[in-house]
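A quick write-up on the structure given underneath.
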Amino acid sequence: MKKYFNKVLIANRGEIAVRIQRACKELGIQTVAVHSTADSDAMHVKLADESVCIGPPQAVNSYLNIPAIISACEITGAEAVHPGYGFLSENAHFAEILEAHNITFIGPTSEHIKIMGDKITAKETVSNLGIPVVPGSNGKIEDLNHAKKIAKNIGFPVLIKASSGGGGKGMKIAKSQNELEEAFNMAKIEAKASFGDDTVYIEKYLETPRHIEIQILGDKNGNAIHLGERDCSLQRRNQKVLEEATSPVIDTLKRKEIGEIASSAISKLGYHGAGTIEFLYEDNKFYFIEMNTRLQVEHPITEIITDCDLVKEQISIAAGNNLSKKQADVIIKGHAIECRINAENPRTFVPSPGKITAYHPAGGPGVRVDSGAYSGYTIPPYYDSMIGKLIVFGNDRTDCLDKLKRTIDEFVIEGVETTLPLFKDLLQNEDIISGNYNIHWLENYLESHP
Ligand code: MV4
């Protein structure tokens, strides 16, 4: 018999809070929801065994309010906390405080969160473990002369990145030597303003890569596996829009190659929990950019093609159990695509919060909808604008695209604008149908199809 927790507090909201509760319930674990005063009517509160109001609408006062969340654990007797994604999920300080209160953080150690949170340390660490990285300064750039020397070595164009960054903030491209000084100074100023830390590093700028990430799992007993890749190249301003697994450009051999490098690295690192190693992929080569130490929004596409419940695995790992699969048991089958349905204008992406007057999710075989929405629910303006995720499975990519078209036509959401019409358009596009896209494709498409 595996050991789990009796009661878990979910320090999140929306679809991911509902998703985590579903896993808990199936494992016989009691659930505690936390919520702001703006979320009293939210689905995650209605479905929980217990709920605690942790503050006013603004996330800094509620979903990011560490003392209030610790108090909610103490009051309800929760033994563990699942942070979901965003909010406190990659906050090393939060993981440490939970530990100090003898509450289990369902995630990696605070040390591993810290290592991966600092992009220079992360790159150096994974590079030493055999993961291929983008050529560049191996460490911090001291001054302009240092930047010049490195740039000369790797060749232009180069990219200056903030060590405390991630998600694209504080990045500056220099196409040639005469743009270097300006890019270096601007990157430092932006990094200081955004993160209070002006440490920057330099990399060769890859001009037309895809964004491909590897899902990994490690347990507390030294076992580690990979669950293949996700192609997340279709994004706008660092917000993913549609993700697919497998990637249209990765074959079985390439997957095995990079997957084994990834799982061996995290095993050597002693990493436990779920994680994602992000790569740029260009000219058939992988280049590490960042590692995420949390569950990701797009985790369902991996769950579907590997028949693995990542949230149950996270909980099981945190309770000290072995991974439920060995690498040889991970069989990748078929194709899955996720569309993020946001309450936004489908061309400008301007948020459209408000009351959902009608809600009829698509259904049928191979269709999964992860959402916290219901008919009559009012989407508050304080948080991200995701209504839910439509995830479809097909025996191959063509089947999957056919099903996606059918489900987008079937899905009804009224009362707010949604991104559903964008997906309808994308599925008519030759490049999408053939899988011929990179990280810049969607922004170019939106510019030419206003
Ligand atoms: C890069 C790059 C090109 N070359 N690094 C953007 C966010 C951050 N996570 C890393 N990012 C990039 N790093 C090198 N050396 C291009 C990007 C990038 C990007 C990466 C993944 C997904 C979408 C992107 C959109 C613009 C730029």
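In what follows, residues are counted from 1 in the order of the sequence shown. Whatever order the structure lists them in is the order used to number ligands and atoms, beginning at 1. Both backbone and side-chain heavy atoms feed into the values below; hydrogens, waters and symmetry mates do not. Not measured: the values here are computed from a predicted model.
- For Phe279 and Tyr287, the gap between ring centers reaches or exceeds 6.0 Å.
- The shortest contact between atom 20 (C) of ligand 1 and any protein heavy atom is with Leu280 CD2, 3.8 Å.
- Close approach of ligand 1 to Tyr205 (heavy-atom distance below 4.0 Å) involves ligand atoms 3 (C), 4 (N).
- Using a 4.5 Å heavy-atom threshold, the side chains of Leu64 and Leu88 count as touching.
- Between Asn238 and ligand 1, a contact under 3.5 Å exists for no N or O pair.
- Panel note: side chain Thr104, backbone Ile106; no donor-acceptor pair is recorded below 3.5 Å.
- The aromatic ring centroids of Tyr63 and Tyr383 lie less than 6.0 Å from each other.
- Residue contacts with ligand 1: Glu207 is excluded, as none of its non-hydrogen atoms falls under 4.0 Å.
- For atom 25 (C) of ligand 1, the choice among Glu443, Gln235, Lys119, Glu203 with the nearest heavy atom turns out to be Gln235.
- Contact annotation: the side chain of Leu426 never approaches that of Tyr437 to less than 4.5 Å [non-hydrogen atoms, C-beta and beyond].
- Only the backbone of Lys204 comes within contact range of ligand 1, with a heavy atom under 4.0 Å; no side-chain atom does.
- Atom 26 (C) of ligand 1 has as its closest protein heavy atom Ile439 CD1, 3.9 Å.
- The nearest heavy-atom contact from the protein to atom 9 (N) of ligand 1 is Glu290 OE2, 2.9 Å.
- A donor-acceptor contact shorter than 3.5 Å is absent between the side chain of Asp431 and the backbone of Ser434.
- Shortest contact from atom 7 (C) of ligand 1 to any protein heavy atom: Gly168 N, 3.3 Å.
- Among protein heavy atoms, atom 14 (C) of ligand 1 sits closest to Leu159 CD2, 3.5 Å.
- Of the protein's heavy atoms, Leu206 N, 3.0 Å lies nearest to atom 4 (N) of ligand 1.
- For His146 (side chain) and Asp143 (main-chain N/O), no donor-acceptor pair under 3.5 Å exists by modelled atom type.
- Against a heavy-atom cut-off of under 4.0 Å, Val134 is close to the following atoms of ligand 1: 15 (N).
- Side-chain atoms of Asn138 do not come within 3.5 Å of backbone N or O of Glu124 as any donor-acceptor pair.
- Of the polar atoms of Met171, none of the N or O atoms is found under 3.5 Å from an N or O of ligand 1, judged by distance alone.
- With hydrogens and angles ignored, the 3.5 Å screen pairs a side-chain donor or acceptor of Ser62 with a backbone N or O of Pro56.
- Within a 6.0 Å sphere centred on CD of Glu443, other residues, nucleotides and ligands contribute more than 12 heavy atoms.
- In this structure, the protein non-hydrogen atom closest to atom 22 (C) of ligand 1 is His211 ND1, 3.4 Å.
- Of the protein's non-hydrogen atoms, Lys161 NZ, 2.9 Å is the one closest to atom 5 (N) of ligand 1.
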